[in-house]
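So the structure is just underneath, and the comments pick up after that.
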Amino acid sequence: MKGICFYFEVHQPFRLKRSRVFDKVEGMEYFDNQKNKAVFTRIAEKCYHPANELFLKLIERYGKRFKIAYSLTGTFIEQCRMFDEKLLDSFRELAKTGCVEFLEETYYHSLAGLYEEQSEFKEQIQEHRRIMKEEINYEPKVFVNTELILDNRIAGTIMNMGYKGVITEGTEKILGDRSPNYIYGMKAAPGLNALLKNYKLSDDIAFRFSNYRWIEYPLFADKYAGWLAQTPGDVLNIFMDYETFGEHQWKETGIFQFMDHLPEEIFKHSMEFLTPSEVLDKYPPSDLIDIPFAISWADMERDVSAWLDNKMQQYAFNTLRDMRPYVLKKNNPELLHAWRLLQASDHYYYCSTKGLADGDIHKYFSPYENPYDAFINYSNIIHNLTSLLR
Amino acid sequence: MFSLPAPDISPYSSVKEFILKDFYRAVYEYNQRVVDCFESTDADIIHCHDWITINAGMDLKRRHGIPLIFTVHSTEYDRSAFFMPQKWVVDIEKRGMSAADKIIAVSRWTKKILNEYYDAPEEKIVPVYNGVNLAILDEKRLEKKGYDKISKTVLFFGRLTRQKGPEFFIRMAKKVLEYENDAIFLVIGKGDMMPELIKQAIECGIADHVKFTGLIPDDEVIDILYDAANIYVLPSVSEPFGISVLEAMLLGVPTIVSRSTGVGESLRNVLRVEYWDTDEMADKVIALLRRAELRETLGKNSSAEARTFTWERCGRDTEYVYRSVVKGD
């Protein structure tokens, strides 16, 4: 029986205050919590609450045959604590159903996995582990790195930390002409198996669902379930941002109704829902993959160029990475936390100057007028933080 | 008995007024002569540029029934920076817009002014952007540009009049120098405000860092853009288009423009500030002076973007406007 595996990424970054050279702000004051609250409240209302309700309802309706997975970033949970405790309750309720698997990632949704030295990466994962235990009472077994970023080194670290599996992008770059719809072993990390995103089927929902120029528009649950049924493989991995529901795709597009009807249509074709752990238990690896260069789910390139393409991004990345010994030496928890929040991948993403097609997506997610303004603000704050470390 | 003259509250000095009166008379006579000399019977379109030629255009349209197109490169409001515009010039502009079959504005910013200050109907105004002269581009020279070399020169290039906002440039310089005390501010151009600006620089104690060059030849300006300038700033109060922005960008110079600069509205690789917000302006200049990574990323992308503003494109867009007024074509 073919498995359908849904995983949703749930993340909110701490956006920065406009910080000019003249402005004297330090540490946690870098962050614009008024703006963060406004964004969080809006998305909670449009997406998180209604989507959680829908998925709870579906789990009840299908008597535990409906299953999904989430990855909640630490910064998301932290913002729940600050702005919306009830939202955390509803994730706890989802956890109690036993039909929801929570995944591990870095607390900060950072690029720390790409640092040559992996200690910072590991600590950020452990921090995530702590907050998941504390808030959701859950111990994740499967790892998903920021924006599905993965290479051989990261896979090695994850294997050594004892995770049973990892989630990444099903790109041709690593697959060649092989299908993403099977489990793969990692050449560089024996014993660690990977679930690969089927980006076509995922993007049909995440990006194309409401695009009226798309030849398949409008997309209904029966048609989509038909595509799933026709697609060969052991398991179809449909991964996307949770904000797809109600935020990227407004409720007026019918995205909630689509999801409401989808399980029924999927059951009609005798397919089953599986969580990532269940998939890994059920299927052995069909082949090995090798990832010498980092891949991700971002942009057309499916590599790390969304965050590290231009010199501004590279400067910010190198500077923050190299601060680690100085930050640790200060032994100041608030400063450490601020430094780590600044490592969120979002800040690099805002500085992307990539071409028109992808550039438009970057602009949609960015609170800045252009990547240069984003960098000026970011580098002012980095400059300020550097001065605190002297 | 004698009476005191009325206080001079005009933005123009009285000497200038005298010269200008001659100029206005010349404009009037020129328009008359154009009308007198006009004898073509096969002209399909009359195309006038700015208020100094529009009177003749209106006259000819009335006499011969030929469609009239009026390109507005700048309005009296722009030139006076909204400070005491001369009403009789505004009236000529307004009559021209009302008589014209189509109005070409050099930007959406200008279109908005024509619509709001001159009541020109939106549907009659077509924005057509200017181009930049690609001949000044020398790829080899551009490649040699060293974004990481440490010379801290910030450039102002334009007439020293209220419209161009040079006093905001000096105010910004003062703020930048508190953080980057080896920066140099180069002011190229001449105009009414020169004495006032020099005084301003002296009074705020930064005269050593602000260099007024007066007018200099174009090729020298190009040399400065290639070799010396790290940053170009155009803080215009109201700039209909701003070709100099495209020239600086084309030669890879990171550029900051006021939000009230027409060309800025359609550019992605330019930094924008309000002309009066010298804190923001200074912050951006400081970041550019400090970070070669920012200068290089912005500079290279600027040059690529400026190249898309060709005169061919301008010509095509203008032709499209021509076709829209010629009947039976």
Side-chain angles (χ1 to χ4, degrees), chain A residues 16-25 30 305-322 347-387, chain B residues 145-148 171-181 183 230-233 249 252-259 264-274 277-305 308:
Chain A
L16 302 170
K17 264 187 206 144
R18 175 72 183 105
S19 172
R20 294 169 305 190
V21 173
F22 330 100
D23 302 329
K24 297 288 171 244
V25 291
Y30 296 146
S305 59
W307 307 279
L308 297 172
D309 185 50
N310 66 45
K311 292 202 169 176
M312 306 189 298
Q313 295 171 309
Q314 290 158 11
Y315 158 79
F317 177 83
N318 292 338
T319 310
L320 281 167
R321 179 196 58 202
D322 296 342
H347 303 303
Y348 304 96
Y349 195 79
Y350 303 149
C351 296
S352 170
T353 49
K354 278 211 290 181
L356 293 165
D358 286 342
D360 286 342
I361 294 182
H362 288 232
K363 204 168 154 55
Y364 171 83
F365 288 107
S366 176
Y368 297 97
E369 186 174 321
N370 59 49
Y372 311 106
D373 282 357
F375 176 76
I376 291 171
N377 204 37
Y378 196 26
S379 70
N380 280 347
I381 285 173
I382 293 174
H383 192 85
N384 179 289
L385 182 62
T386 310
S387 71
Chain B
K145 208 175 175 75
Y147 284 102
D148 44 6
R171 269 190 232 172
M172 172 274 287
K174 166 80 178 152
K175 290 176 184 171
V176 170
L177 284 162
E178 286 168 27
Y179 291 82
E180 295 294 310
N181 57 19
N230 294 113
I231 305 165
Y232 175 57
V233 183
M249 288 173 66
V253 182
T255 300
I256 303 173
V257 300
S258 62
R259 290 191 190 279
E265 72 199 17
S266 65
L267 289 168
R268 299 161 73 114
N269 297 289
V270 75
L271 304 180
R272 268 182 291 262
V273 296
E274 298 292 350
D277 194 346
T278 50
D279 275 357
E280 274 290 328
M281 213 186 291
D283 187 61
K284 287 179 161 60
V285 168
I286 292 167
L288 280 163
L289 290 175
R290 283 184 179 171
R291 300 263 45 105
E293 299 87 356
L294 175 59
R295 289 201 297 277
E296 181 169 343
T297 312
L298 178 53
K300 287 189 170 164
N301 288 334
S302 297
S303 183
E305 186 173 21
T308 64

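To find a chain, count down the sequence lines: A is the first, B the second, and so on, and within it residues start at 1. If you're wondering where the values come from, they're calculated on a predicted model, not measured in any experiment.
- Contact annotation for A:Phe22: both backbone and side-chain heavy atoms come within less than 4.5 Å of a heavy atom of chain B.
- Distance OG1/A:Thr353 to CG/B:Leu298: 10.0 Å, rounded to 0.5 Å.
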Tell me, with the steps shown, if B:Asp283 and A:Arg18 meet salt bridge (Lys or Arg N to Asp or Glu O under 4.0 Å). CA-CA 11 Å; B:Asp283 187 61; A:Arg18 175 72 183 105; 2.7 Å; yes
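- The nearest pair of heavy atoms linking B:Leu294 to A:Met312 is CD1-SD, 3.5 Å.
- When the salt bridge (Lys or Arg N to Asp or Glu O under 4.0 Å) test is applied to B:Arg291, the partners found at least two apart in sequence or on another chain are B:Glu293.
- Interatomic distance, A:Tyr372 OH to B:Lys284 NZ, rounded to the nearest 0.5 Å: 13.0 Å.
- Salt bridge status for B:Arg272 with A:Asp373: absent, with no side-chain N to carboxylate O gap under 4.0 Å.
- Chain A forms more heavy-atom pairs under 4.5 Å with one residue of B:Ile286, B:Asn301, B:Asp279 than with any other, namely B:Asp279.
- Annotation: B:Lys175, atom NZ; neighbour count of heavy atoms from other residues, nucleotides and ligands within 6.0 Å is above 12.
- With values rounded to the nearest 0.5 angstrom, A:Ile376 atom CD1 is found 5.0 Å from B:Leu271 atom CG.
- B:Lys300 does not touch chain A: none of its heavy atoms, backbone or side chain, sits under 4.5 Å away.
- For the set A:Asn377, A:Asp23, A:Asn380, the entry with the most heavy-atom pairs within less than 4.5 Å of chain B is A:Asn380.
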